[in-house]
Amino acid sequence: MSTTAETHDAQALADRNRAIVIRLMGALDKSDVDTIRAIMAPDVDWYVSGVGTLDLDTLLTQLQAMLGVAKVAQTTIIATTAEGERVAVESRGNFEFEDGRTYRNHYHHLFTVRDDRVVGVREYLDLHETERAFGPLGASA
């Protein structure tokens, strides 16, 4: 049975990790590379369903090429759940581009946070919508 202090400490950790992830989500919208690098571990393991695992440099390159040029870049967080080092985020993205393209997707991310750094991400999205907006992504990134 956990004590009140242990429960409080566990909730404080979950709340701190949730705040880190929410800050990261904002930085991703802005393609704020400095903040993203400050939050994510250099050896982060970012898995995208249907694409594969991306290292940090590949992720940042793709982020800037795909979303960094958006004239509207807004991710709305629908819900979060945090427990220990894991933070789940359900969100909806709205991106609009100068050439008239739109990209609107729904996401579920499961972030793993250790020592105030994101060390792992599992991302689930509608890959069909991504490829409609950006073209084929291929099976390996």
Side-chain angles (χ1 to χ4, degrees), residues 2-141:
S2 62
T3 67
T4 303
E6 289 171 335
T7 301
H8 180 267
D9 289 347
Q11 187 61 51
L13 174 64
D15 290 345
R16 185 173 73 238
N17 289 342
R18 181 190 335 260
I20 289 167
V21 166
I22 290 171
R23 184 170 162 237
L24 175 61
M25 297 285 289
L28 290 167
D29 266 358
K30 296 174 190 148
S31 293
D32 178 352
V33 173
D34 292 336
T35 300
I36 295 167
R37 284 191 183 279
I39 294 172
M40 295 178 66
D43 60 347
V44 66
D45 179 21
W46 190 300
Y47 169 82
V48 181
S49 179
V51 175
T53 302
L54 308 174
D55 62 37
L56 183 56
D57 290 331
T58 301
L59 174 72
L60 291 174
T61 298
Q62 287 189 0
L63 175 70
Q64 289 182 309
M66 294 170 71
L67 303 179
V69 296
K71 66 179 185 175
V72 172
Q74 179 183 23
T75 299
T76 302
I77 295 174
I78 298 166
T80 64
T81 304
E83 183 176 294
E85 66 181 16
R86 296 164 48 108
V87 179
V89 178
E90 179 185 1
S91 63
R92 193 174 359 202
N94 176 41
F95 300 87
E96 298 175 12
F97 302 88
E98 294 291 339
D99 62 8
R101 278 179 307 135
T102 59
Y103 173 58
R104 295 185 175 96
N105 213 329
H106 294 83
Y107 306 92
H108 182 274
H109 290 92
L110 179 59
F111 295 90
T112 302
V113 182
R114 287 191 197 112
D115 300 320
D116 297 331
R117 303 289 297 270
V118 172
V119 298
V121 183
R122 301 208 41 98
E123 178 179 353
Y124 302 90
L125 69 158
D126 180 351
L127 195 55
H128 177 73
E129 170 61 10
T130 304
E131 290 184 335
R132 181 203 59 78
F134 303 106
L137 300 177
S140 62

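All residue numbers refer to positions in the sequence shown, counting from 1.
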Sequence neighbours left out, what passes ring-ring contact (aromatic ring centres under 6.0 Å, His included) with Phe97? Give chain and number order.
Phe134
If I take atom [atom1] from residue [X] and atom [atom2] from residue [Y], how far apart are they, to the nearest 0.5 angstrom?
{"X": "Lys30", "Y": "Leu67", "atom1": "NZ", "atom2": "CG", "value": "14.5 Å"}
{"X": "Thr58", "Y": "Asp55", "atom1": "OG1", "atom2": "CG", "value": "3.5 Å"}
{"X": "Met25", "Y": "Thr80", "atom1": "CE", "atom2": "OG1", "value": "10.0 Å"}
{"X": "Leu56", "Y": "Asp43", "atom1": "CG", "atom2": "CG", "value": "9.5 Å"}

N/O donor-acceptor pairs under 3.5 Å from side chains in residues 9-16, not counting sequence neighbours:
from, atom 1, to, atom 2, distance (Å)
Gln11, NE2, Asp15, OD1, 2.8
Arg16, NE, Asp116, OD1, 2.9

Quick one: does [X]'s side chain get under 4.5 Å of [Y]'s, heavy atoms only?
{"X": "Arg37", "Y": "Leu60", "result": "yes"}
{"X": "His128", "Y": "Thr130", "result": "no"}
{"X": "Phe111", "Y": "Val89", "result": "yes"}
{"X": "His106", "Y": "Asp126", "result": "no"}
{"X": "Glu123", "Y": "Trp46", "result": "yes"}
{"X": "Val69", "Y": "Glu98", "result": "no"}
{"X": "Leu24", "Y": "Leu28", "result": "yes"}
{"X": "Val48", "Y": "Leu125", "result": "yes"}

Ignoring hydrogens and geometry, is there a side-chain-to-backbone donor-acceptor pair from [X] to [Y] under 3.5 Å?
{"X": "Asp45", "Y": "Gly120", "answer": "no"}
{"X": "Glu129", "Y": "Arg104", "answer": "yes"}
{"X": "Asn17", "Y": "Ala82", "answer": "no"}
{"X": "Thr61", "Y": "Asp57", "answer": "yes"}
{"X": "Arg117", "Y": "Met40", "answer": "yes"}

Tell me, yes or no, whether the heavy-atom count around Gln64 atom CD, taken from other residues, nucleotides or ligands under 6.0 Å, exceeds 12.
yes
So does Asp115 have more than 12 non-hydrogen atoms from other groups sitting under 6.0 Å from CG?
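No - once you tally the heavy atoms of other residues, nucleotides and ligands closer than 6.0 Å, there are 12 at most.
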Taking all heavy atoms of Glu131 and all of Pro136, pick out the closest pair and write down the distance.
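That would be OE2-CA, 3.7 Å.
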Of the non-hydrogen atoms in Val119 and Arg114, which two are nearest, and what is the gap between them?
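Reported closest heavy-atom pair: CG2-NH1, 3.5 Å.
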The test is side chain to side chain contact (heavy atoms under 4.5 Å, CB included); show your working for Val121 and Thr112 and say whether it passes.
CA-CA 6 Å; Val121 183; Thr112 302; over 6 Å; no
Given side chain to side chain contact (heavy atoms under 4.5 Å, CB included), test Val87 with Thr81 step by step and report yes or no.
CA-CA 6 Å; Val87 179; Thr81 304; over 6 Å; no
Do the side-chain N and O atoms of Tyr103 and Arg101 include a donor-acceptor pair separated by under 3.5 angstrom?
no
Quick one: side-chain hydrogen bond (donor to acceptor under 3.5 Å, both in side chains) pairs with a partner in residues 65-79, sequence neighbours left out?
Asp29-Thr75
Do Arg92 and Asn105 pass the side chain to side chain contact (heavy atoms under 4.5 Å, CB included) test, and can you show the C-alpha distance, the side-chain angles, and the key distance before you say yes or no?
CA-CA 6 Å; Arg92 193 174 359 202; Asn105 213 329; over 6 Å; no
